[in-house]
Amino acid sequence: MTTTRFAPSPTGYLHVGGLRTALFSWLTSRHNKGEFLLRIEDTDMARNSKEAKDAILKAFDWVGMGCDGEVVYQSKRFDLYEKYIEQLLVEDKAYKCYMSKDELEILREDQMAKKERTRYDGRYRDFIGTPPEGVDPVIRIKAPRQGTISFVDGVKGEINIAATEVDDFVIARADGAPTYNFVVAIDDALMGCTEVIRGDDHLYNTPKQIVVYKALGFDLPNFYHVAMIHNEQGKKLSKRDGATDVMEYKTMGYLPEALLNFLVRLGWSHGDQEIFSLEEMIALFDPNDINKSSSNYNLDKLLWLNAHYIKNKPDSELVELLKEFGVDLEGNDKASLLLSATKERGKTLVELAEQIKLITDAPTQYDEKSAKKAFKGEAKEILSAFADMLALAKPTSKEAFHSVMEKIVEDKEIGFGKIGMPLRVSLMGSMTGSGLDEIMAILGVSETIKRIEKAIATIKANFVM
RNA sequence: GGCCCCAUCGUCUAGCGGUUAGGAUCCAUGGUUUUCAUCCAUGUUACCGGAGUUCGAGUCUCCGUGGGGUCACCA
C-alpha cells in the first residue's frame, strides 16, 4: 500500500509551493489507491498557532484535497518520542551533551573563521566522567563518523553525502522537547509512509533522518525532493512576489481546479497535454516523472487556465460561486442568458462579476471617448426611431431584438455601426461588451427603452444646437 | 565559503544518440464577431560556454560559468 503525507508546520498560511508538493503527494496516493495523511508539525510551541493550522485546513478544503484518517499532531505525541529517545540512550546510540549554547557558538565562530563547515565536534560523544554543573544536557544522536550516506531520490537520482557532513545532531532539546529531524523520521515510519514527497530544501535533512531510521531499525521510505518554485527573478518565492497564500487565489476569483491544473504542470508534464481534470491527473501522475529543475512562477498561464475553466463551468455552479463576488443570480430567470453573454470575457470570477454588473446596472455615466464617437451626427434620431420600433415590436428574445436591429438598418439604409455604436453606449456606457441582442434580451424592452431615452436626453443636453 | 542539486523559446514544458528541436502561454499580425472578448489561422523567439566520446550530441563524460538549496537546542 502506498501512503503519502503532507506535513506543514502551522506557522502561517498554506503556501502555493506547499500546495504543489501536497498535490504531488495526494496524487501519488490516489493513483495507487493508497492513503494521503496530514500531519501538523507543531513541536515548536513558541512558533505555531491554532489560527495557522485552521487556515491550512481551510485551504485544503477549498481545493478539495481530502486527507485520510485523523490529522496527526506531533505536539500530542511527545510521550512516544520520549520513549524512543530513552531507547537510543540505553542502546548507546545517543548521548547527553553538556555543551552550552555559548560554547557551541564559540565553536561555530571558530569554524567559520577557518572557513570550515560549521558542525558539532562530538566532544561528548564518548564522554565519561563528571558532567559540568548547571547545564541541562541536550541529547545527540550518534551519526556515522565515516563513510557515505547514500539514498536514491525518486526525482534527483542517487544522492551521496559524506558522513563528515552530518554531525551528531540534537534529537532532544535541553528542555526535553524532541527536534524536527528526529520526530519526522519516527512519524513517517510509524504512519507507514512509503513515499515521502517534499521540497528540495529538505534534501539535507534526509541523511539525518536516515540516521534516525537506521538507529531505530525502521525501513526507509522512497524519497522525492521536488525543486523549488522561484519568482520571476529566479529567487525563492516570497511574500513580496504577490500572492503566495493559497486562499488569496480564492479571493482573486480563481477556481481551485485551475490552480491545481496550473500547479501540477510546474515540474511535471504528460507530453503536450495542458488541461488536466483531477481524474486525469490521478490516472497519469507518477512522482518518478517529476522534473529535476526548478521552475519560475508566472501567472499568465494560470489566468488562461482559469478562463478555460470558467467557460466550461456549469451555470448552476457559477451562480453559486458568484455570490461571494457580489452577484446573486439565484432564482433569476435571466441567469443563463446573462452567463452565456459574459462567461467568455471574464478570466476570473471577479471579472465575470464585473461584466455581469456592467449589464445589470444601468450606466451612471458614459465613457467620454465612446460617447463622443457614438453620439455624434444623427445618433439621436436613430436611437429615437429604434426606441419607437422596440415599443411597437415588443421583442422578448435575443433573435427578436436582432430582427429589430436588422429592420432599422434596412429602413434607414444605414450601416450596422450607425445603430450599434450609439445603442451600445446607451446601454453599457462604453463601446465594449457583450452582444447587443443578448444585452437587450436580458434587460427587456422597457429597461432598454429607458436607457435609450436617458442617452437621448444626455445627447440633447450636451450637443445643443 | 564547504557540501548538495539544477541548466531547451520571456515563462511552463516535450525530447530520452540521427527531429525542419514539438506543444502551451505571452506578444504581434490576419480572419470570424456591429464593438470587446471568445474562437480560428499565421508569425517572432530556445538547446549557457568549452573540451571530449561517437560516423553523428540538446541528449553521454569532464571542466568552466550561471542559478538554487543547505549548513540551529526552526520546521
Side-chain angles (χ1 to χ4, degrees), chain A residues 7-11 41-44 46-48 74 97 99-101 104-105 108 111-112 114-120 136-140 153 155-157 159-162 164-167 169-181 183-184 199-207 225 227-228 230 232 234-236 262 265-275 291-305 307 311 341-347 351 355 370 374 402 405 409 415-421 423-425 428 430-437:
Chain A
S9 63
T11 51
E41 312 234 316
D42 52 357
T43 52
D44 185 352
R47 295 207 319 165
N48 61 58
Q74 291 187 322
C97 169
M99 196 170 182
S100 71
K101 282 188 180 182
L104 234 188
E105 192 51 43
R108 202 168 282 144
Q111 288 167 336
M112 256 165 4
K114 289 183 192 156
K115 300 201 171 181
E116 288 172 2
R117 175 179 170 77
T118 55
R119 63 178 196 275
Y120 174 65
D136 292 325
V138 298
I139 313 287
R140 289 180 181 276
D153 187 287
V155 175
K156 313 247 183 212
I159 305 288
N160 300 299
I161 289 163
T164 50
E165 293 294 317
V166 180
D167 62 4
F169 58 96
V170 173
I171 57 173
R173 302 176 176 89
D175 66 2
T179 59
Y180 174 74
N181 284 120
V183 298
V184 165
D200 210 345
D201 48 345
H202 286 285
L203 193 72
Y204 249 80
N205 289 142
T206 307
H225 289 95
M228 303 276 92
H230 294 151
E232 307 210 27
K235 305 288 179 193
K236 196 172 170 180
F262 173 66
R265 286 285 289 98
L266 250 40
W268 178 82
S269 63
H270 183 256
D272 287 340
Q273 189 170 345
E274 295 288 347
I275 308 285
N291 286 165
K292 292 177 173 183
S293 52
S294 59
S295 43
N296 286 24
Y297 202 65
N298 177 300
L299 263 17
D300 284 347
K301 209 169 220 170
L302 173 59
L303 206 55
W304 170 74
L305 281 166
K311 268 181 285 188
T342 51
K343 244 182 189 179
E344 293 184 344
R345 58 198 88 225
K347 288 185 193 295
E351 286 179 18
Q355 291 295 326
S370 306
H402 192 79
M405 286 185 75
V409 166
F416 236 110
K418 285 279 187 209
I419 175 64
M421 280 199 292
L423 182 58
R424 176 171 296 286
V425 179
M428 306 279 287
S430 82
M431 212 91 99
T432 64
S434 313
L436 287 168
D437 43 13

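Naming: A, B, ... by sequence-line order, numbering from 1 per chain. This one's a predicted model, so the numbers in the text were calculated from it and none came from an experiment. Hydrogens, waters and symmetry mates are skipped; everything else that's a heavy atom, side chains included, is used.
The separation of B/rU11 from B/rG49, taken at their P atoms, amounts to 15 Å, rounded to a whole angstrom. Separating the C1' atom of B/rG1 from that of B/rG15 is a span of 38 Å, rounded to the nearest Å. With both ends at atom P, the span from B/rG22 to B/rU45 equals 12 Å, rounded to whole Å. Across the C1' atoms, B/rA7 and B/rA46 are found 12 Å apart, a figure rounded to whole Å. As rounded to the nearest Å, B/rA51 and B/rA57 have P atoms that lie 12 Å from one another. A distance of about 30 Å separates the C1' atoms of B/rU70 and B/rU59, rounded to the whole Å. Only the C1' atoms considered, B/rC63 is 15 Å distant from B/rU53, to the nearest whole Å. Rounded to whole Å, the C1' atom of B/rU61 lies 35 Å from the corresponding atom of B/rU25.
Listed nucleotides: B/rG68, B/rU34, B/rA75. Nearest to the side chain of A/K235: B/rG68. Candidate nucleotides B/rU34, B/rC5, B/rC73 were compared by shortest atom distance to the side chain of A/I159, and B/rC5 ranks first. Relative to the side chain of A/F416, the nucleotides B/rA75, B/rU34, B/rU70 differ in distance, and B/rU34 lies closest. Closest to the side chain of A/S9, out of B/rC36, B/rG69, B/rA75, is B/rA75. For A/Y180, the listed nucleotide lying nearest its side chain is B/rA75; candidates were B/rA75, B/rG69, B/rC26. Ranking B/rC3, B/rU35, B/rC73 by closeness to the A/Y204 side chain, first place goes to B/rC3. Checking B/rU38, B/rC71, B/rC73 against every side-chain atom of A/K311, the shortest atom distance belongs to B/rU38.
Residue whose closest nucleotide on RNA chain B sits further toward the 5' end, between A/L203 and A/H402: A/L203. Toward the 5' end of RNA chain B, the nearer of the two residues A/E41 and A/G420, judged by each one's closest nucleotide, is A/G420.
A donor and an acceptor atom sit less than 3.5 Å apart, one in the side chain of A/R424 and one in the base of B/rU35.
Interatomic distance, A/S294 OG to A/K236 NZ, rounded to the nearest 0.5 Å: 12.0 Å. Taken from CE in A/M428 to CD in A/Q355, the straight-line distance is 6.5 Å, to the nearest 0.5 Å. How far NE2 of A/H202 is from CG of A/N181: 9.0 Å, rounded to the nearest 0.5 Å.
Between A/H225 and the options A/D201, A/D200, A/D153, a side-chain hydrogen bond (donor to acceptor under 3.5 Å, both in side chains) holds for only A/D153.
Protein atom CZ of A/R117 is 10 Å distant from nucleotide atom P of B/rC3, rounded to whole Å. Whole-Å rounding puts the A/Q111 CD to B/rA72 P distance at 9 Å. Between the NE2 atom of A/H225 and the C1' atom of B/rG69 there is a distance of 11 Å, rounded to whole Å. For the pair A/H202 NE2 and B/rU70 P, the interatomic distance rounds to 9 Å; values are reported in whole Å. Regarding A/D153, its CG atom lies at a distance of 13 Å from the C1' atom of B/rC6, rounded to whole Å. Whole-Å rounding puts the A/H230 NE2 to B/rG66 C1' distance at 13 Å. Straight-line distance from the CG atom of A/D201 to the P atom of B/rC3: 21 Å, rounded to whole Å. Summarising the geometry, the separation between NZ on A/K343 and C1' on B/rC39 is reported as 15 Å, rounded to the nearest angstrom.
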Residues A/R345, A/E351; criterion side-chain contact (heavy atoms from CB on, under 4.5 Å); working and verdict: CA-CA 8 Å; A/R345 58 198 88 225; A/E351 286 179 18; over 6 Å; no
Step-by-step side-chain contact (heavy atoms from CB on, under 4.5 Å) determination, A/L305 to A/I275: CA-CA 8 Å; A/L305 281 166; A/I275 308 285; 3.6 Å; yes
Ring pair (Phe, Tyr, Trp, His ring centres under 6.0 Å) between A/F169 and A/Y180, worked out: CA-CA 11 Å; A/F169 58 96; A/Y180 174 74; over 10 Å; no
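A/A227 comes within contact range of no nucleotide atom at all, as no heavy-atom separation falls under 4.0 Å. Across all strands, A/K101 comes closer than 4.0 Å to base atoms (heavy-atom distances). Contacts of A/V170 with the nucleic acid, taken as non-hydrogen atoms under 4.0 Å apart, involve only primed sugar atoms and P, OP1 or OP2. Counting non-hydrogen atoms under 4.0 angstrom, A/T432 reaches a base of the nucleic acid. Within 4.0 Å of A/K347, counting heavy atoms only, lie sugar-phosphate atoms of the nucleic acid but no base atom. Here A/M428 lies out of heavy-atom contact (under 4.0 Å) with every strand. Note on A/R119: nothing from the nucleic acid sits closer than 4.0 angstrom, heavy atoms only. The residue A/N160 sits close only to the backbone: its heavy atoms come under 4.0 Å of sugar-phosphate atoms, none of a base. Residue A/T11 is classed as having no contact, given no heavy-atom separation below 4.0 Å to the nucleic acid.
Partner assigned to B/rC3 is B/rG69, using Watson-Crick or G-U wobble distances below 3.5 angstrom. Summarising the base pairing, B/rU54 is matched to no nucleotide, lacking a Watson-Crick or G-U wobble pair whose two defining distances lie under 3.5 Å. Nucleotide B/rG49 forms a pair with B/rC63, judged by Watson-Crick or G-U wobble geometry with both contacts under 3.5 Å. In this structure, B/rC16 forms no base pair with any nucleotide, since neither Watson-Crick nor G-U wobble geometry is met with both distances under 3.5 Å. The partner of B/rU32, taking Watson-Crick or G-U wobble pairs whose two distances both stay under 3.5 Å, does not exist in any strand shown.
Residue A/R108 has no polar side-chain atom (N or O) positioned under 4.0 Å from OP1 or OP2 of B/rG2. At the phosphate of B/rU35, neither OP1 nor OP2 sits under 4.0 Å from any side-chain N or O atom of A/S434.
Between A/P207 and A/I161, the shortest heavy-atom contact is CG-CD1, 3.8 Å.
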Heteroatom pairs (N/O) under 3.5 angstrom, protein to nucleotides 7-14 of chain B:
{"unit_1": "B/rC12", "atom_1": "OP1", "unit_2": "A/N296", "atom_2": "N", "d": "2.5"}
{"unit_1": "B/rC12", "atom_1": "O2'", "unit_2": "A/R265", "atom_2": "O", "d": "2.9"}
{"unit_1": "B/rC12", "atom_1": "O2", "unit_2": "A/K301", "atom_2": "NZ", "d": "2.9"}
{"unit_1": "B/rU13", "atom_1": "OP1", "unit_2": "A/G267", "atom_2": "N", "d": "2.2"}
{"unit_1": "B/rU13", "atom_1": "O3'", "unit_2": "A/S269", "atom_2": "OG", "d": "3.1"}
{"unit_1": "B/rA14", "atom_1": "OP1", "unit_2": "A/S269", "atom_2": "OG", "d": "3.2"}
{"unit_1": "B/rA14", "atom_1": "OP1", "unit_2": "A/N291", "atom_2": "ND2", "d": "3.3"}

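A/R119 and A/E165 are not joined by a salt bridge, as no carboxylate oxygen comes within less than 4.0 angstrom of a charged side-chain nitrogen. Under the 4.0 Å criterion applied to side-chain N and carboxylate O atoms, A/R117 and A/D167 are not assigned as salt-bridge partners.
Within 6.0 Å of NE2 in A/H270 there are 12 or fewer heavy atoms belonging to other residues, nucleotides or ligands.
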